[in-house]
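Please read the structure below before turning to the comments.
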Amino acid sequence: MAMRWWCWRRGCSWRPAVRSPRPGRPGCAGPLGTRAASDTRAQMPYFSLVKTLTSVFPNVHSISPFHQRTPAVCCCSQTQSGEKYTDPFKLGWRDLKGLYEDIRKELCISTKELKDMSEYYFDGKGKAFRPIIVVLMARACNIHHNNSRDMQASQRSVALIAEMIHTASLVHDDVIDDASSRRGKHTVNKIWGEKKAVLAGDLILSAASIALARIGNTAVTSILTQVIEDLVRGEFLQLGSKENENERFAHYLEKTFKKTASLIANSCKAVSVLSCPDPVVHEIAYQYGKNIGIAFQLIDDVLDFTSCSDQMGKPTSADLKLGLATGPVLFACQQFPEMNAMIMRRFSLPGDVDRARQYVLQSDGVQQTTYLAQQYCHEAVREIRKLRPSTERDALIQLSESVLTRDK
């Protein structure tokens, strides 16, 4: 296992730990394992972490087997025949031509200033990660159900709605966080002010709601309105913290699901409902979206420590500056217990942010979080493999690797 862990660390692009908590002592035996009993700065016991994960997300039950047999960060790059999967982004964009033009038509605003604010992020420079997943899932479910090669107009509408909800949440988040840059340019609140930014976010949400109503499916409406509730509850969770370390990690994962993964999970479920009546397929789509969404956010939290501002299009160490303890910090805290006090005071004292960042980079926090993201990707792949083989299903499998290897 130690050799597997070393191979994994050599194969990944993340910065290795600068020093171990106890000089001269060997490193941990596995990514989520424990150090020797005499090491007073032990990492989180593996079974405690699994218990934490399963208490928050009961369906993530196969992490332990993955831990035993997964040697590398790339989890799914080839088919059984040895052929490379189709590029998921190129494949997905075939159904998303004119995506941002169609969203701007949905906004349909006559007032110039409000129009400029609402359309500000729909400039074609985003990753369109969520719409890509939605249209690929729609086609994969259609093929699974009746071998249909057609994309329903209502399924494509869900992709647009997902991007609109996501963008509205970014506008609101930037107000809450007092952010000044996103995607390499000034935020809406920085240019037009907080009050107008809130209204712009509300307008995008209202346009998304109208588009959702036009689909005319009550089940889909119920599924996607759950996303709005989760976004609000997730933001409230982010405002709080937990003193107990296990509760703190569960709190972090629940927040991650509600703020990021819920939109992907429920959008995938929505297009599956439009595709076929089988609840088993609906659950497969939901579980894939949930697990890939959590992995996406875990890697995002890693990149906050490993990427530069130019790559990310926004300042790095942003979470620490906001007082947030993400995965790398929580794992690093197992090696450096002195971080507990900083976490509880939300890194508010002078020097806290810089010291916490150094602790993270000196620990295995980045690697541990990356490994955890890998386990969620494996779970996503396990779920999507239950569908009938198709190019789109294979693209969704390939997408899980893209999540792990992205640098922005």
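In this chain, residues are counted from 1 in sequence order.
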Quiz prompt | Qualifying residues under side-chain hydrogen bond (donor to acceptor under 3.5 Å, both in side chains), relative to N340, sequence neighbours excluded | solution = E245, R248
Quiz item: Is the NZ atom of K386 crowded by more than 12 outside heavy atoms at less than 6.0 Å?
Solution: yes
Practice problem: Return the set of residues passing side-chain contact (heavy atoms from CB on, under 4.5 Å) with S222 (not counting sequence neighbours), or none when no residue passes. | Solution: none
Quiz prompt | Side chain N189, main chain A179, donor-acceptor under 3.5 Å | solution = yes
Exercise. Answer whether the closest heavy-atom distance between the side chains of I343 and C333 falls below 4.5 Å.
Key: yes
Quiz item: Side chains of D230 and Q226: is there a donor and an acceptor less than 3.5 Å apart?
Solution: yes
Quiz item: Checking N244 side chain against E247 main chain: does a donor-acceptor pair fall under 3.5 Å?
Solution: yes
Quiz item: Could K242 and Y252 be counted as a cation-pi pair, given that NZ or CZ must be under 6.0 Å from the ring centre and within 45° of the axis?
Solution: no
Practice problem: Verify, without hydrogens or angle tests, whether H166 (side chain) and R130 (backbone) share a donor-acceptor contact under 3.5 angstrom. | Solution: no
Quiz item: What about the rings of F331 and F249, do their centers lie closer together than 6.0 Å?
Solution: yes
Quiz item: When you look at S267 and I133, which way does the side-chain contact (heavy atoms from CB on, under 4.5 Å) test go after all the steps?
Solution: CA-CA 9 Å; S267 297; I133 291 180; over 6 Å; no
Exercise. Give the C-alpha distance, both sets of side-chain angles, the deciding distance and a yes or no for side chain to side chain donor-acceptor pair (under 3.5 Å) between N291 and H378.
Key: CA-CA 9 Å; N291 284 286; H378 272 290; over 6 Å; no
Quiz item: With a cut-off of 6.0 Å (strictly less than), are more than 12 heavy atoms of other residues, nucleotides or ligands near NE2 of H145?
Solution: yes
Quiz item: Would you say V135 and Q155 make side-chain contact, with heavy atoms under 4.5 Å?
Solution: no
Exercise. Provide the closest heavy-atom pair for A373 versus A295 in the form atom of the first, atom of the second, distance.
Key: O-CB, 3.5 Å
Exercise. Tell me whether the guanidinium CZ or amine NZ of R357 lies under 6.0 angstrom from the six-membered ring centre of F305 and within 45° of its axis.
Key: no
Quiz item: Within a strict 4.5 Å, meaning less than it, do heavy atoms of the Y120 and D116 side chains meet?
Solution: no
Quiz item: Could you go step by step and tell me if E113 and K196 meet the salt bridge (charged side-chain N to carboxylate O under 4.0 Å, His left out) rule?
Solution: CA-CA 10 Å; E113 185 178 38; K196 290 181 178 179; 3.0 Å; yes
Exercise. Measure the spacing between CG of N266 and CD1 of I223 and express it to the nearest 0.5 Å.
Key: 7.0 Å
Exercise. With sequence neighbours excluded, give me every salt bridge (Lys or Arg N to Asp or Glu O under 4.0 Å) pair touching residues 156-175.
Key: D102-R156, D173-K259, D174-R182
Practice problem: Evaluate side-chain contact (heavy atoms from CB on, under 4.5 Å) for F89 paired with L399, printing each intermediate quantity in order. | Solution: CA-CA 8 Å; F89 293 94; L399 193 68; 3.7 Å; yes
Quiz item: Taking atom OG of S169 and atom CD1 of I228, what is their separation to the nearest 0.5 Å?
Solution: 8.5 Å
Practice problem: Find the distance between OG1 (T225) and CG (L212) and round it off to the nearest 0.5 Å. | Solution: 7.0 Å
Self-check item: Heavy-atom side-chain proximity of T187 to Y121 below 4.5 angstrom
Solution: yes
Quiz item: With side chains defined as the heavy atoms from C-beta onward, is the minimum distance between M342 and M339 less than 4.5 Å?
Solution: yes
Quiz prompt | Pair E229 + R233, salt bridge at N-O below 4.0 Å | solution = yes
Quiz item: With distance as the sole criterion, is a donor-acceptor pair present between the side chains of D319 and T326 under 3.5 Å?
Solution: no
Self-check item: Short side-chain to backbone donor-acceptor contact, S272 and A285, under 3.5 Å
Solution: no
Quiz item: Taking 4.0 angstrom as the limit, do R346 and D352 come out as a salt bridge?
Solution: no
Quiz item: Are R393 and Y288 in a cation-pi setup, meaning NZ or CZ lies under 6.0 angstrom from the ring centre and within 45 degrees of the ring axis?
Solution: no
Exercise. State, to 0.1 Å, how close A207 and L107 come at their nearest heavy-atom pair, and which atoms those are.
Key: CB-CD2, 3.8 Å
Practice problem: Check whether any side-chain heavy atom of P131 sits under 4.5 Å from a side-chain heavy atom of L160, and report yes or no. | Solution: no
Quiz item: Short question: side chain of R104, backbone of E119 - any donor-acceptor pair under 3.5 Å?
Solution: no
Exercise. Determine yes or no for a side-chain-to-main-chain donor-acceptor pair under 3.5 angstrom, with D304 supplying the side chain and A318 the backbone.
Key: yes
Quiz prompt | D407 side-chain N/O to S307 backbone N/O, donor-acceptor pair under 3.5 Å | solution = no
Quiz item: Less than 4.5 Å apart, any side-chain heavy atom of L303 and any of R406?
Solution: yes
Quiz item: side-chain contact (heavy atoms from CB on, under 4.5 Å) between I384 and M137: does it pass, once the steps are laid out?
Solution: CA-CA 9 Å; I384 202 65; M137 181 62 73; 3.6 Å; yes
Exercise. Given side-chain contact (heavy atoms from CB on, under 4.5 Å), test N142 with V271 step by step and report yes or no.
Key: CA-CA 9 Å; N142 291 348; V271 292; over 6 Å; no
Practice problem: Considering non-hydrogen atoms only, spot the tightest contact between I204 and T167 and give its length. | Solution: CD1-CG2, 4.4 Å
Exercise. To the nearest 0.5 angstrom, please state how far the CG atom of L387 sits from the CD atom of E392.
Key: 11.5 Å
Self-check item: 4.5 Å side-chain heavy-atom contact, Y376 and L253
Solution: yes
Quiz prompt | Straight-line distance of S209 OG to E106 CD, nearest 0.5 Å | solution = 11.0 Å
Self-check item: Heavy-atom closest pair, residues I161 and A208
Solution: CG1-O, 4.0 Å
Exercise. Apply the test side chain to side chain donor-acceptor pair (under 3.5 Å) to residues E379 and Q375: give CA-CA distance (whole Å), side-chain angles for both, the deciding distance (0.1 Å), then the verdict.
Key: CA-CA 6 Å; E379 181 68 9; Q375 310 317 307; over 6 Å; no
Practice problem: Without swapping roles, check the side chain of S400 against the backbone of I397 for a donor-acceptor pair under 3.5 Å. | Solution: yes
Quiz prompt | Contact summary for P88 and Q398, nearest pair of heavy atoms | solution = CD-CG, 3.7 Å
Quiz item: Do you know the tightest heavy-atom contact between N147 and R388?
Solution: CB-NH1, 3.6 Å
Self-check item: N/O donor-acceptor pair under 3.5 Å between Q152 side chain and L274 backbone
Solution: yes
Self-check item: I165 side, atom CD1; L170 side, atom CG - distance, nearest 0.5 Å
Solution: 12.0 Å
Quiz prompt | Any donor-acceptor pair under 3.5 Å from S262 side chain to F257 backbone | solution = no
Practice problem: Could you check R149, K90, R139 and say which one makes a salt bridge (charged side-chain N to carboxylate O under 4.0 Å, His left out) with D95? | Solution: R139
